[in-house]
Protein chains: 2
Amino acid sequence: MVKPQPKTATIECRHAGSISCVKPLHQQLTRFLAQADALCLQRKQRFTALRKQVLSLICQSPQPLGAYALLDLMKESGRSAAPPTVYRALDFLQQQGFVHRLASNNTYLACAHPQQQHEAVFLVCKQCGFTQELHTDGIYKAVGARAEKAGFKLEHASVEVSGLCAGCQQKTGVSQ
Amino acid sequence: MVKPQPKTATIECRHAGSISCVKPLHQQLTRFLAQADALCLQRKQRFTALRKQVLSLICQSPQPLGAYALLDLMKESGRSAAPPTVYRALDFLQQQGFVHRLASNNTYLACAHPQQQHEAVFLVCKQCGFTQELHTDGIYKAVGARAEKAGFKLEHASVEVSGLCAGCQQKTGVSQ
DNA sequence: TAATGTAATGTTATAATGTAACATTATTTG
DNA sequence: CAAATAATGTTACATTATAACATTACATTA
């Protein structure tokens, strides 16, 4: 996938912490890494160079990255790496809530709100790959209520939406 | 508890067609296949022996099946098959809306309501693999509204919930 | 600080999932 | 029937992910 350059997210919200969801994450890289560092310290987890590099690469990418794309980037930057290395780092980063995995296309992206537990909705543009993370209580409440009604104990819910982002609609939608 | 439905003893929900969402699909196999057959005829699509076998196997499984599990079942039943064969059949069945694919665990399951276009919510038990397909307008309306607000043109939404089904909660949850 | 235990990473090999490309067979249509 | 199209067979390979074990880094404490 992926050719045209993505637009940036334009979602307004007010979360704790120093990361803004309005500004693209790669423009706040230092801040994002510092926050991860602080959270690890607080949680007595080790934010090693490897983990930091992986998070940094994901953070700098305009689109979510696959594990092997990540591996290639690591090699380019001089660090030899094999699949288990990157998968382990990804596991850690997911556990800490710093990245999410998109099951619909096997990619990973930085989480805009690593401070708190949350569930998110992802809007994945099938044209350019740009992915927005939305936080919406309403949807998860509805899912939770529906699950409970079915006697099901919800542990994790994943909502992934495929379609066209605003930018790509303009580019491809005019002819129709 | 299921509300008593008006008329036709075998149909216990309000959907068009002859398939009940209350009764397990494998207990209505013949009917399910007949319906798929009828829909294909109507749509001028070919419901070949291969496609029928794949749908039948999926339908008979209590849990969603992976493509390679399906392949094994086909081999057991005497038909030699290679991956592209089963993937092509799955593609067709998905296009016709007879099966869904679960991205969260790369499996396929029969659709309880192949008659109409719909979006579904899947409750996947991480213990036993049993998966329920729910239809809930509310959730999809909420997702759609949220996407629209973000200027995103929704084409497909996938909602997959992981947790414990009622049965497995009893088995594993007693100590708590 | 040396000894020890644990966590993290390196390394090799392989499993699991999915597709490209082209050959062959079956079905439909002129 | 011939020709076109659709479906399936077949080979090879791409992509995604993990198992198993070796090594290194870090932390603890005697």
Side-chain angles (χ1 to χ4, degrees), chain A residues 1-2 36-37 40-41 43-58 61 63-75 77-96 98-109 124 129 158 160, chain B residues 36-37 40-58 63-75 77-96 98-109 129 160:
Chain A
M1 60 178 192
V2 188
D37 207 352
C40 283
L41 193 66
R43 296 169 186 170
K44 304 203 195 306
Q45 298 294 320
R46 289 169 54 192
F47 194 50
T48 62
L50 172 66
R51 291 164 176 176
K52 187 170 179 175
Q53 180 185 21
V54 170
L55 183 55
S56 169
L57 288 170
I58 289 176
S61 168
Q63 293 101 12
L65 288 174
Y68 283 73
L70 219 32
L71 262 173
D72 289 343
L73 291 173
M74 290 172 74
K75 284 175 190 160
S77 81
R79 177 192 286 264
S80 90
T85 299
V86 72
Y87 279 105
R88 284 187 291 226
L90 287 170
D91 284 347
F92 173 84
L93 296 172
Q94 281 181 265
Q95 275 165 31
Q96 298 306 315
F98 301 157
V99 310
H100 296 285
R101 177 177 189 272
L102 298 179
S104 57
N105 60 5
N106 307 318
T107 59
Y108 302 82
L109 78 167
V124 183
S158 134
E160 301 181 20
Chain B
D37 208 350
C40 283
L41 193 66
Q42 181 182 314
R43 296 169 186 172
K44 304 201 193 308
Q45 297 295 318
R46 289 169 54 191
F47 195 48
T48 63
L50 172 67
R51 290 165 177 177
K52 187 171 180 174
Q53 181 187 19
V54 171
L55 182 55
S56 169
L57 288 170
I58 289 176
Q63 292 100 13
L65 289 173
Y68 282 74
L70 217 33
L71 260 175
D72 290 342
L73 291 173
M74 291 173 72
K75 283 175 190 161
S77 82
R79 177 194 286 265
S80 90
T85 298
V86 72
Y87 278 106
R88 282 186 293 225
L90 287 170
D91 284 347
F92 173 85
L93 296 171
Q94 280 181 265
Q95 276 165 31
Q96 299 306 314
F98 301 157
V99 310
H100 296 286
R101 177 176 191 273
L102 297 179
S104 58
N105 59 6
N106 306 320
T107 60
Y108 301 82
L109 78 168
E160 302 181 20

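Any value given below was found using the heavy atoms of this structure, including those in side chains, with hydrogens, waters and symmetry copies removed. Residue numbers start from 1 in every chain, and the chains themselves are labelled A, B, ... in the order their sequence lines are given, proteins ahead of strands.
Contact annotation for A:Thr85: base contact, defined as any heavy-atom pair under 4.0 Å involving a base atom.
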Pull out every protein N or O sitting under 3.5 Å from an N or O of nucleotides 17-19 of chain D, one pair per line with the distance.
residue	atom	partner	partner atom	Å
D:dA17	OP1	A:Arg101	NH2	2.2
D:dA17	OP2	A:Tyr87	OH	2.9
D:dA17	O5'	A:Tyr87	OH	3.4
D:dA17	N7	A:Tyr68	OH	2.5
D:dA17	N6	A:Tyr68	OH	3.3

Please enumerate all protein N or O atoms sitting under 3.5 Å from an N or O of nucleotides 24-29 of chain D, with distances to 0.1 Å.
none

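Every residue two or more places apart in sequence or in another chain was checked for a side-chain hydrogen bond (donor to acceptor under 3.5 Å, both in side chains) with B:Arg51, and none qualifies. Take B:Leu73 and apply the side chain to side chain contact (heavy atoms under 4.5 Å, CB included) test, not counting sequence neighbours, and it matches B:Leu57, B:Leu65, B:Glu76. Applying the side-chain hydrogen bond (donor to acceptor under 3.5 Å, both in side chains) criterion to B:Ser77, with sequence neighbours excluded, gives B:Gln53. Applying the side-chain hydrogen bond (donor to acceptor under 3.5 Å, both in side chains) rule to A:Ser61 yields no partners; only residues at least two apart in sequence or on another chain are considered. Residues that satisfy the side chain to side chain contact (heavy atoms under 4.5 Å, CB included) test with A:Lys75, not counting sequence neighbours, are absent from this structure. For A:Arg46, the side-chain hydrogen bond (donor to acceptor under 3.5 Å, both in side chains) test picks out no residue, with sequence neighbours left out.
Rounding to the nearest 0.5 angstrom, the gap separating the CG atom in A:Asp37 from the NZ atom in A:Lys52 is 6.0 Å. Atom CG of A:Leu71 is separated from atom OG of A:Ser80 by 10.0 Å, given to the nearest 0.5 angstrom.
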Name the atoms and distances for all side-chain donor-acceptor pairs under 3.5 Å in residues 82-95 of chain A, with sequence neighbours left out.
residue	atom	partner	partner atom	Å
A:Arg88	NE	A:Pro84	O	3.4

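Residue A:Ala89 is the one, among A:Ala89 and A:Ala82, whose nearest nucleotide of DNA chain C lies closer to the 5' end (criterion: closest heavy atom).
Nearest heavy atoms, B:Pro64 versus B:Gly129: CD-O, 3.4 Å. The shortest non-hydrogen separation linking A:Glu160 to A:Arg101 is OE2-O, 4.1 Å.
With pairs defined as Watson-Crick or G-U wobble and both atom distances under 3.5 Å, the stems of at least three pairs that touch DNA chain D come out as C:1-30 with D:1-30.
If you measure from atom CZ of A:Arg88 to atom C1' of D:dA20, you get 11 Å, rounded to the nearest angstrom. The distance from atom CZ of B:Arg51 to atom P of D:dA6 is 11 Å, rounded to the nearest whole Å.
Counting heavy atoms from C-beta outward, B:Val54 and B:Tyr108 have side chains that stay 4.5 Å or more apart. Using a 4.5 Å cut-off on side-chain heavy atoms (C-beta onward), B:Thr107 and B:Gln63 make no contact.
Boundaries of the chain B contact region on DNA chain C are C:dT17 to C:dT27, first to last in 5' to 3' order (nucleotide atom under 4.0 Å from a heavy atom).
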